[in-house]
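The model shown is predicted, which means the values in this text are computed figures rather than measured ones. Protein chains get the first letters and strands the later ones, always in sequence-line order, with residue 1 at the start of each. Because only heavy atoms are used, hydrogens play no part in the values below, and waters and symmetry mates are left out as well, while side chains stay in.
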2 protein chains.
Amino acid sequence: MPITLKDIARRTGYSVSTISRVLNGVGENYRISAKTRLMIERIANEMNYQPNQVARGLRLKKTHAIGLVIPDISNPFFAHVSRSIQIGMYESGYILIVCNTDENQETEIEQIQLLRNKGVDGFIIMPVGLKSQHISELVESKVPVVLLDRCFDDISTNSVLVDNYNGSMKAVEYLLESGHRRIAVIQGLTKTSTNDQRIKGYLDAHKKYKVDVDKNLIVGKDYRRENGYIETKYLLNMKNPPSVIYSTSDLITLGVLDAVFEEKLRIPDDISLVSFDDIDYAPYLISPLTAVRQPWEIMGEIAVKLLLQEIKSSGQMEKSRIELKPTLNIRKSVKKLGNP
Amino acid sequence: MPITLKDIARRTGYSVSTISRVLNGVGENYRISAKTRLMIERIANEMNYQPNQVARGLRLKKTHAIGLVIPDISNPFFAHVSRSIQIGMYESGYILIVCNTDENQETEIEQIQLLRNKGVDGFIIMPVGLKSQHISELVESKVPVVLLDRCFDDISTNSVLVDNYNGSMKAVEYLLESGHRRIAVIQGLTKTSTNDQRIKGYLDAHKKYKVDVDKNLIVGKDYRRENGYIETKYLLNMKNPPSVIYSTSDLITLGVLDAVFEEKLRIPDDISLVSFDDIDYAPYLISPLTAVRQPWEIMGEIAVKLLLQEIKSSGQMEKSRIELKPTLNIRKSVKKLGNP
DNA sequence: TGAAATTGCGAAAACGATTGTGCTAATTAT
DNA sequence: ATAATTAGCACAATCGTTTTCGCAATTTCA
């Protein structure tokens, strides 16, 4: 049985309220004498008193817990961001309740509701991105929220993301400059801001270079490894296959590699590859992977900062949307073609 | 303002206790008439009542939250296990409070205490492994605990781990059979069960093959990438360098790769490499990596199962220690040497 | 018809903390 | 000497649930 204030009260002879005040350091305000204070503190220590945070949460309507909602913790991008968030939040005295939505919109809605009932003080959400109403309800209820990675244009929230449009554009421009003309792209979840921006970048880069886009080269529908595998199999077996595959996320890239190796093709000799999301192992892949890197740690740290501010200002803060620049790490997975 | 039982009571004219009983589905036991039940349920739905889990947690002394304590969520091994645990727990109605200890023993102790105060119903802990007293205190207090990955022999807890000894032995035997005689090993955190078993496997494999061990080839001290980097730099520049480096974890392997590439060496021509912990990208590394694979998902699922049982039996269950077999995935990072 | 049984529900005490208000004794002021 | 302060603390309400106990009204039974 854990020690409660009542136990200390019995032991010391003082009342529960006095104990509470002393242990909260507001004894002086209530004119608790120094002698009493010291004695209470000593006994509390002796008994190793640990405040029950559930009770405190009920009374104060603050749990010092925040909900972290992510699609998939085993995805390196999310894992790194999560770590950064965890550390920042813990330093500020918050703990993290982590939920995986598995890229399922309904699961996300359900989990957010559950977390609200648990009384979390705020949310950092990397949304699936298909629906936004449940999130705008949060915002309207003045629940502190920060969106990460994907965002919505129709609701005003704090959000942290990378400039997906420009990152994608840079990557595709690089491909075009390298002489590629048939550039396949494997999309992530369509109808999400992130994906649409990346595709827009892809299209606009083509436009800028006055290269026509073959719509058949725009494939894929979600962020799973299988999506990468299936679409790559399809692309590689086209009558007129692409010379390069642009994968829009690290898990997709893994599927692409599965298929490329199954087909016994070599990168970049037989097929070039570029990826949005740079993983730790990218430099050491069989063909060091050219990839767009998102600043993980920074994204996490900024999200933490925004959320803490939002909590402090209790929803009165004006929302900020922070967009970070991704960088293109050029390695060796893209073949230079002679100007065609 | 969220709706409370009191609000529904006012609206319906019934008492808080009646509302509570009806919404908990035990109305019949208390002879609440069908008419009343239906009416209360209807109104509760209309008002979109969501029970306050903090209050419920206080009253029931059950939060339906469990603490997941891991060294580092950005490590792929831990990330995969965590995902598996998250999914299993969520299915059973539990949410996860996740803490990163950063391989710091004191942080771990602190976080476990914090989680207890938060009233978690149980723990799944992947301990740092240097101290065990705080964990045995948990067990003595009948708090449900499952240890994962690393464990302690001196306390009796549920634990799930791989057979590190045999996994390590298999890997080193393979190296010896491949003709290697100077096998360097980069350790993880020393004095932890996991590491010590792996080193024991390393030593016993040598013994079995009657090969003397050069103690200078046993290096390293923790699981960080930097450790892999530094020790590899050291090993590669010895007067009599090893022909193969055995890295005991994926993060270390990353550091090894950093150093090997910096030295412009080729794998396996100039230096062979084998790793404990198989990562998703292993087959696609510049030299497809030979590695010991731990069954992530299964480890997570078993941990969940054990914890749920332990919670149900409220600490009366006999503890089980479940050891899984790792497998050696042989790829191409180890050079075959002619029998020396 | 009166006692016993049943129906249908409410009051109130927890759970463990925080906090506004109030009360008594000692001290100070007048 | 009496009134006014002040020091030092306790009471009790509160947060939103759950649950034990019980009570009045109705029905059943003899």
For B:Leu58 and A:Val54, work out which heavy atoms get closest and say how close. N-CG1, 3.5 Å
5'-most contact on DNA chain D (nearest-nucleotide basis), B:Ala55 vs B:Arg31, goes to B:Ala55
5'-most contact on DNA chain D: B:Met1 or A:Ile32, nearest heavy atom basis? A:Ile32
Nearest whole angstrom, please: distance from the [atom2] of [N] to the [atom1] of [X].
X	N	atom1	atom2	answer
B:Leu58	C:dA13	CG	C1'	13 Å
A:Lys6	D:dA10	NZ	C1'	15 Å
B:Asn29	C:dG10	CG	P	17 Å
A:Tyr49	C:dT18	OH	P	6 Å
A:Lys62	C:dT18	NZ	P	15 Å
A:Tyr14	C:dA17	OH	P	20 Å
A:Leu60	C:dG20	CG	P	12 Å
A:Arg10	D:dA10	CZ	P	15 Å

Would one find a side-chain N or O of [X] under 4.0 angstrom from OP1 or OP2 of [N]?
X	N	answer
A:Arg56	C:dT18	yes
A:Asn24	C:dT18	yes
A:Ser20	C:dT18	yes
B:Thr36	C:dC9	yes
B:Tyr30	D:dG22	no

Reckon [X] touches a base, only the sugar-phosphate, or nothing at all at heavy-atom distances under 4.0 Å?
X	result
B:Pro2	nothing
B:Thr4	sugar-phosphate
B:Gly119	nothing
B:Ser17	base
B:Val54	nothing

Is the backbone N or O of B:His64 less than 3.5 Å from a side-chain atom of B:Asp121, with the two atoms forming a donor-acceptor pair by type? yes
Mapping A:Val16 and B:Arg37 onto DNA chain C by nearest heavy atom, which one lands closer to the 5' end? B:Arg37
Is the shortest heavy-atom distance from the side chain of A:Asn48 to the side chain of A:Ile3 under 4.5 Å? no
State, yes or no, whether a side-chain contact exists between B:Lys191 and B:Leu130 at a heavy-atom distance under 4.5 Å. yes
Looking just at side-chain N and O atoms, do A:Glu110 and B:Tyr90 make a donor-acceptor pair shorter than 3.5 Å? yes
Of the listed nucleotides (C:dT18, D:dT17, D:dC11), which one gets closest to any side-chain atom of B:Asn52? D:dT17
Exceeds 12 heavy-atom contacts within 6.0 angstrom, atom CD of A:Gln133: no
Ignoring hydrogens and angles, does a donor from either the side chain of B:Arg21 or the base of C:dG8 sit under 3.5 Å from an acceptor on the other? no
